[in-house]
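A note on names: the letters A, B, ... follow the listed sequences, proteins ahead of strands, and every chain is numbered from 1.
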Amino acid sequence: MSRPGCDIDARTLLADLTEPQRQAVTHTDGPLLVLAGAGSGKTRVITRRAAYVAATVARPYQVLAITFTNKAANEMRERIVRLGVGPDMTVCTFHSICARLLRIHHDRADLPGNFTIFDQADQRAVVKQALHRCELDKRNWPVWRVLSRISQAKNAMQTPEEFAQQAHYWQDRTLARIYTAYEQILAEQAGLDFDDLLLRLAVLLDRDQELRDRLEDRYRYLLIDEYQDTNDAQYRIAHLLTQRRRNLCVTGDPDQSIYAWRGANITNILRFEKDHPDALVVRLEQNYRSTKRILSAASSLISFNINRKEKTLWTENDEGRSVRTVDCPDATVEANLIAGEIATAVANGREPRDVAVCYRINALSLEIELALQRAGIAYQVARGQEFYGRKEIKDLIAYLRVLVNPADATSLRRIINTPARGIGKTTVAKLDALAESSNAALHDVVMNPTTPKELGRSGSKVADFADLLRSLTPLVDAPAAKALSEVFSRTGLRASLLDHQVVDADPCENVENLIVEARRYDQAEPDGSLLGWLEQVSLVSDIDSLDDTTGAVTLLTLHAAKGLEFPVIYIVGLEDGLLPFRRDEETPSDEEEERRLCFVGMTRAKEELTLTHARFRIRHGRELRTMRSPFLDELPREELEWINAQEDDAAGGGRSRRQGGARSTDFARWRPGTHVHHDEHGIGKIVSIYRGSGQTHAAIQFESGDQQTFILEYADKLTYLEPDEVG
DNA sequence: CTACCGGATTTTTTT
DNA sequence: AATCCGGTAG
């Protein structure tokens with residue numbers, strides 16, 4: 001059964017699969033839908049299937065596998081290679097395959113071959129320019145709101161004209177004008193935003209049958225992961241690429257659809273069977289990841305969604321420890337508690353890499369980070385954008401972008417006076433005016449030898465800048481790392497950074513890291529180019545920055561956690577308005593999607609799961625009283641362990657704030673069997689006690705029948721009863 | 001033109 | 001809290 005280029009025996013690919021898994025793997029031709037519940041071995045199935053297809057009915061390069069993030073793509077490629085399939089299978093994200101195809105077929109797509117990908121910061125700049133052009137005030141037209149409307153329109157595959165046609169209100173008609181200007185500016189600058197990458201390819205495939213056929217001959221088997229999170233353009237692409245052979249395999253889980261806010265259309269996966277009546281549908285409902293208790297808690301939560309295709313996950317795994325909820329007075333205690341528990345676990349042999357802390361919003365990471373620092377625990381935060389978003393990095397990249405794509409006025413504007421070289425706002429405005437009057441690009445005006453004469457005083461500065469750019473031009477063909485380091489020193493960026501010796505930051509070191517990255521790219525991609533490197537950099541995601549080899553605790557958003565798993569998971573901030581998130585009282589949130597998000601987080605856990613909430617939390621600099629998340633009440637109450645980390649909540653609104661919290665360091669006398677008194681629950685007996693670093697957990701059985709766990713350091717309402725006091 | 005200050009405002013999530 | 005913006009002094 002082996003074929004050239006594939007050093008594998010198809011039978012070994014099937015050896016240890018369950019029946020449904022085997023069905024999915026061996027269904028090579030025709031449409032296939034794999035409805036894969038959380039932790040049901042989906043990754044295993046799709047890697048095996050990709051390998052199986054490449055070993056039986058196709059060659060590796062004829063398979064195109066599309067994932068959601070680069071990290072997922074890299075992992076899948078690695079696993080497939082480990083199965084013995086040659087490395088020339090295409091495994092990448094939707095956005096990168098679109099960029100690549102548009103680059104190759106740019107002439108058919110009516111695009112310049114050197115187009116640049118505009119990230120969110122670039123988009124914001126373009127919107128500002130568009131507002132300026134339309135003579136509108138930024139105050140009335142918040143950039144982010146405009147951007148989200150434009151993105152919505154693009155996701156619905158609406159051109160500015162179509163948008164204008166269905167704009168009945170004055171606001172929407174103005175928005176249509178802004179959208180028009182936005183598109184015009186992008187076109188002038190040869191820029192494509194993220195939405196364009198998908199949209200343009202969908203449009204191109206739609207109208208170019210010859211290309212469509214060629215691509216389908218090349219990629220005979222298409223595999224799309226996380227199909228529940230695809231949008232309309234992605235749906236079109238998927239179908240246009242599989243029109244004739246219909247070898248489309250999609251996998252996903254409607255319960256894990258968490259990207260509706262950016263245009264994902266859950267009906268894509270729900271209507272797959274209608275789209276393809278002859279499709280094989282495989283349901284994977286056995287969970288191999290989590291303990292029974294974790295799974296039952298997660299299942300209970302998700303069952304509260306009304307809009308849902310019924311599905312029952314089950315597992316043969318152990319019962320496991322109880323899922324815990326922790327009630328904390330504030331976010332500091334919450335963070336310290338988690339850090340303390342992790343420290344204890346690590347002391348007992350748990351690897352830090354086994355632990356992840358998840359939150360709804362990035363802002364919550366700070367408190368956790370501080371606590372982990374205090375506890376001396378190594379951690380990594382999933383925030384790749386942050387690195388590429390740093391000023392020094394963006395500046396340097398802007399230079400390269402101008403070299404590759406001189407029309408990119410957004411980048412040109414950024415670097416024209418960076419480092420400061422005496423070309424200020426007024427001069428740039430004059431250059432703009434010149435460009436507009438002569439109908440030329442900003443870059444042309446800057447480079448034009450006659451320009452300096454028309455500028456007076458600052459003319460020579462512009463001429464110097466033009467000379468600088470000219471001298472850098474040859475670097476377009478240099479390897480990325482070389483181009484970076486040359487630009488860094490020759491533009492004076494390095495010098496300017498050396499001056500500003502900031503206390504904590506080390507911008508030069510960041511740039512060095514960037515150059516190292518680029519060198520790695522140059523070596524890995526023999527056919528690479530500066531253009532290619534820039535493209536790759538534009539498409540990195542937060543999650544891509546995670547390094548599995550560091551062995552550190554991972555901090556990440558619930559969105560970023562999708563597709564990952566950890567033995568120990570903490571989800572923080574289970575508070576009404578935070579999870580489920582609500583921006584303000586007027587804007588209702590999609591509560592079902594919020595619930596799915598929580599479900600995704602919970603099902604990441606293999607062995608231990610802890611959900612925490614804080615009664616006070618600081619948001620926007622203000623400390624607010626919170627309400628516990630309604631989601632907590634949707635968990636199976638009797639199966640959970642409820643932990644109370646409350647300080648004494650001194651009756652009557654006010655709260656005692658006792659930093660440090662611990663009321664005593666010695667609870668040596670508190671042992672299983674000893675009696676205690678609680679102000680509300682009365683007399684109880686200690687069932688078990690657990691001593692961690694800085695925290696002593698005591699499970700107490702009260703005479704009233706309640707059982708609850710307390711953290712003694714915080715449990716002011718608990719008092720020790722001498723044996724003779726027990727009545 | 002640059003540098004700095006103070007006020008206002010806040011995207012939640014991301015390719 | 002953190003950032004971004006606009007205004008002003010040098």
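- Applying the side chain to side chain contact (heavy atoms under 4.5 Å, CB included) test to A:Ala202 and every residue at least two apart in sequence or in another chain returns A:Met157, A:Ala233, A:Arg236, A:Ile237.
- We find that the ring of A:Trp261 and the base of B:dT13 stack, their centres lying under 5.5 angstrom apart and their planes tilted less than 30°.
- A:Arg595 meets the salt bridge (Lys or Arg N to Asp or Glu O under 4.0 Å) test with A:Glu591, A:Glu634; sequence neighbours excluded.
- For A:Asp255, the salt bridge (Lys or Arg N to Asp or Glu O under 4.0 Å) partners at least two apart in sequence or on another chain are A:Arg308, A:Lys311.
- Straight-line distance from the CZ atom of A:Arg622 to the P atom of B:dT9: 14 Å, rounded to whole Å.
- Within residues 532-543 of chain A, the residues approaching DNA chain B are A:Ser541, A:Asp542, by heavy-atom distance under 4.0 Å.
- Nearest nucleotide to the A:Thr93 side chain, out of B:dT15, B:dC1, B:dT12: B:dT15.
- Computed from coordinates, the A:Arg617 CZ to C:dA1 P distance equals 15 Å when rounded to whole Å.
- For A:Ser529, the side chain to side chain contact (heavy atoms under 4.5 Å, CB included) partners at least two apart in sequence or on another chain are A:Leu531.
- Pairs engaging residues 64-78 of chain A under the side chain to side chain donor-acceptor pair (under 3.5 Å) rule: A:Asn70-A:Asp544, A:Lys71-A:Glu75, A:Lys71-A:Asp548, A:Asn74-A:Arg77 [sequence neighbours left out].
- When the side-chain hydrogen bond (donor to acceptor under 3.5 Å, both in side chains) test is applied to A:Arg200, no partner is found at least two apart in sequence or on another chain.
- Residue A:Thr426 places its side chain closer to B:dC1 than to any other of B:dT15, B:dT11, B:dC1.
- Contact check of residues 356-369 of chain A against DNA chain B (heavy atom, cut-off under 4.0 Å) returns A:Arg360, A:Ile361, A:Asn362.
- Every ring pair (Phe, Tyr, Trp, His ring centres under 6.0 Å) that A:His239 has, sequence neighbours left out, goes to A:Tyr235, A:His276.
- Contacts of A:Asp584 classified as side chain to side chain contact (heavy atoms under 4.5 Å, CB included), with partners at least two apart in sequence or in another chain: A:Glu586, A:Thr587.
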Check: Base, backbone or nothing for each nucleotide of nucleotides 3-10 of chain C, written B, S, -, heavy atoms under 4.0 angstrom, 5' to 3'?
Finding: --SS----
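- Distance, A:Lys430 NZ to B:dC1 P: 7 Å, rounded to whole Å.
- Across all strands shown, A:Phe94 has no heavy atoms under 4.0 Å from either base or sugar-phosphate atoms.
- At least one test fails for A:Lys394 against the ring of A:Tyr388: distance under 6.0 Å to the centre or angle within 45° of the axis.
- To the nearest angstrom, P of B:dT14 lies 13 Å from NE2 of A:His95.
- When the ring pair (Phe, Tyr, Trp, His ring centres under 6.0 Å) test is applied to A:Phe581, no partner is found at least two apart in sequence or on another chain.
- Counting only heavy atoms from C-beta on, A:Ala560 has its side chain closest to B:dT14 among B:dT14, B:dT15, B:dT11.
- A:Asn70 has its CG atom 9 Å from the C1' atom of B:dT15, to the nearest Å.
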